[in-house]
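Below is one structure, written out as structure tokens; the observations come after it.
Only this structure's heavy atoms are used, side chains among them; waters, hydrogens and symmetry mates stay out. Naming convention: chains lettered A, B, ... in sequence-line order (proteins, then strands); numbering from 1 in each chain.
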Number of protein chains: 2
Amino acid sequence: MAYADQYIDKLRKSGLRPTKQRIKICEVLFDAEKTFHFTIKELVKIIENQANIKVSLATVYNTVHAFMRKGYIKEIPLNASQSYYDTNVTHHHHFFDEEENKLIDIHQDDVDEVNIKRTIPGKKIRSVEVIAKIVSDNQSQK
Amino acid sequence: MAYADQYIDKLRKSGLRPTKQRIKICEVLFDAEKTFHFTIKELVKIIENQANIKVSLATVYNTVHAFMRKGYIKEIPLNASQSYYDTNVTHHHHFFDEEENKLIDIHQDDVDEVNIKRTIPGKKIRSVEVIAKIVSDNQSQK
DNA sequence: TCAACAGTTTAGAATAAATATAATCTATTA
DNA sequence: TAATAGATTATATTTATTCTAAACTGTTGA
Ligand SMILES: [Mn+2]
Ligand SMILES: [Mn+2]
Ligand SMILES: [Zn+2]
Ligand SMILES: [Zn+2]
């Protein structure tokens, strides 16, 4: 794990103690070549499979929330009974495949700036997210 | 209840038996002058307050799901420990006030058509929704 | 008109995601 | 290395939602 030192730094700079558990979670989340989307359940499974260390469910939740507060990951709103998280923290949008229950990134460049003409007095926009739900295109129309 | 007959029709036409409970829920949802957003908890509270009839929680869930299947209401995707529903079933977008946890409609006309340049092979877009998160605009920058 | 039945409601139990608790453990630093 | 603030853990709790199975009711056709 050549990256461990890097994560130790990252955690220290964030005021988080670099524990074995947090470093492991960093490796899973940030060693990946590409950013990805995950649920807590999936994250736990990945950690278990690479099982050189045991991490309790509570710690996974705590760490994910800590990383969210620090801006290392973000939550994606879906009408699910389960939260989806994203290691891509840049501003971007999503397809949601309703058949496979999978999120797919849409780069910001691939969506023209969303122009909202309406405003709410005393309020400002903090973020704008587009979710496009997709389904199989069975172009066989009888 | 001049509207009751209308709801009895609506339910019958949908293949749903017009029970006292379903008619009551129709009144709460569709007698309102304006469309609105609600959680199950809020809906239960409204029904309880107008308490000429008792409706169990299971029935509220069942009926809300039945009405969704029929397209009379729709679910709005938000950070999901709780589902938000909408009696406005036209295509439209939302502000989400993060401080008050309230949804506000944005009419379709108030958002330029969202142009997504990317496509997924074999898939087609079924819906596109924009959620703009808003917060208080304290325009006091030190 | 009414019996029969499918569909509906209900209280309460079950489930599952998420959070809280409080005892134990550990990274930090003096 | 000792003291301690912070972290982890097993476990319990909370909360939204769904399930169950018994009781009830709207509908239909004789
Ligand atoms: Mn959360
Ligand atoms: Mn649902
Ligand atoms: Zn993403
Ligand atoms: Zn709405």
Side-chain angles (χ1 to χ4, degrees), chain A residues 4-5 7-28 37-45 47-48 51-70 72-85 101, chain B residues 4-5 7-28 37-48 51-70 72-73 75-85 101:
Chain A
D5 287 349
Y7 298 134
I8 291 173
D9 270 10
K10 181 173 184 150
L11 289 165
R12 279 226 177 82
K13 280 178 189 155
S14 310
L16 298 170
R17 285 188 182 168
T19 61
K20 289 192 299 269
Q21 292 81 354
R22 284 174 177 162
I23 292 167
K24 178 72 211 173
I25 293 173
C26 279
E27 286 173 12
V28 171
H37 308 100
F38 63 95
T39 63
I40 294 290
K41 213 200 271 185
E42 289 164 354
L43 181 53
V44 166
K45 199 167 286 173
I47 293 167
E48 273 172 4
N52 19 16
I53 185 183
K54 188 190 172 191
V55 183
S56 77
L57 185 61
T59 295
V60 174
Y61 274 105
N62 288 340
T63 305
V64 163
H65 280 138
F67 285 1
M68 277 217 293
R69 263 179 265 117
K70 295 297 170 186
Y72 300 159
I73 56 183
K74 64 176 179 177
E75 206 167 2
I76 306 300
L78 285 177
N79 59 347
S81 53
Q82 215 176 339
S83 289
Y84 283 72
Y85 301 92
N101 264 52
Chain B
D5 288 348
Y7 297 134
I8 291 173
D9 269 9
K10 181 174 184 149
L11 289 165
R12 279 226 177 83
K13 280 178 189 154
S14 310
L16 297 170
R17 283 190 184 168
T19 62
K20 288 193 300 270
Q21 292 81 356
R22 284 175 175 160
I23 293 166
K24 179 72 212 172
I25 293 173
C26 278
E27 285 172 11
V28 170
H37 308 99
F38 64 94
T39 63
I40 294 290
K41 215 199 270 187
E42 288 164 352
L43 181 54
V44 166
K45 200 167 286 173
I46 296 170
I47 293 167
E48 273 173 5
N52 20 15
I53 185 183
K54 188 190 173 191
V55 182
S56 77
L57 185 61
T59 295
V60 174
Y61 273 104
N62 288 340
T63 304
V64 163
H65 280 140
F67 285 2
M68 278 217 291
R69 264 179 265 118
K70 294 298 169 186
Y72 301 158
I73 56 183
E75 207 167 1
I76 306 299
L78 283 178
N79 286 20
S81 55
Q82 213 177 338
S83 289
Y84 283 73
Y85 300 92
N101 265 51

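- OP1 or OP2 of D:dA10 lies within a sub-4.0 Å distance of a side-chain N or O belonging to A:K54.
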Output a table of nitrogen or oxygen pairs between the protein and nucleotides 13-15 of chain C separated by less than 3.5 Å.
none

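- Between the P atom of C:dC25 and the CD1 atom of A:I53 lies a distance of 15 Å, rounded to the nearest Å.
- Atom CD1 of B:I47 and atom P of C:dT9 are 11 Å apart (whole Å).
- Residues A:L43 and A:Y85 form no side-chain contact, since every pair of their non-hydrogen atoms from C-beta on lies 4.5 Å or further apart.
- Distances shown here put every side-chain N or O of B:T19 at or beyond 4.0 Å from the OP1 or OP2 atom of C:dG7.
- Within the structure, every side-chain polar atom (N or O) of A:T59 is placed at least 4.0 Å from both OP1 and OP2 of D:dA7.
- Among all heavy-atom pairs drawn from A:I25 and A:T59, the shortest one is CD1-O, 4.5 Å.
- Side-chain proximity of B:S56 to D:dA10, D:dT17, C:dT10: nearest is C:dT10.
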Just the table, please: protein N/O against nucleotides 27-30 of chain D N/O, every pair under 3.5 Å.
from: D:dT27; atom 1: OP1; to: B:R12; atom 2: NE; distance (Å): 2.9
from: D:dT27; atom 1: OP1; to: B:R12; atom 2: NH2; distance (Å): 3.1
from: D:dT27; atom 1: OP2; to: B:R12; atom 2: NH2; distance (Å): 2.9

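- Proximity note for A:I40 (side chain, C-beta onward) versus C:dA27, C:dG12, C:dA18: the nearest is C:dA18.
- When every heavy atom of B:P18 is checked against every heavy atom of B:I23, the shortest pair comes out as O-CD1, 3.9 Å.
- If you check D:dT8, C:dT9, C:dA17 against the side chain of A:N62, the one that comes closest is D:dT8.
- Within the 3.5 Å criterion, the main-chain N or O of A:I53 finds no donor-acceptor partner in the side chain of A:K20.
- A sub-4.0 Å separation between OP1 or OP2 of D:dA16 and a side-chain N or O of B:S83 is absent.
- A close approach under 4.0 Å does occur between a side-chain nitrogen or oxygen of B:H65 and OP1 or OP2 of D:dT18.
- Applying the ring-ring contact (aromatic ring centres under 6.0 Å, His included) test to A:Y61 and every residue at least two apart in sequence or in another chain returns nothing.
- No contact: A:L57 has no heavy atom under 4.0 Å from any strand.
- Between D:dT25 and B:Q21, no contact under 4.0 Å exists linking OP1 or OP2 to a side-chain N or O.
- At least one side-chain nitrogen or oxygen of A:Y61 sits closer than 4.0 Å to the OP1 or OP2 atom of C:dA18.
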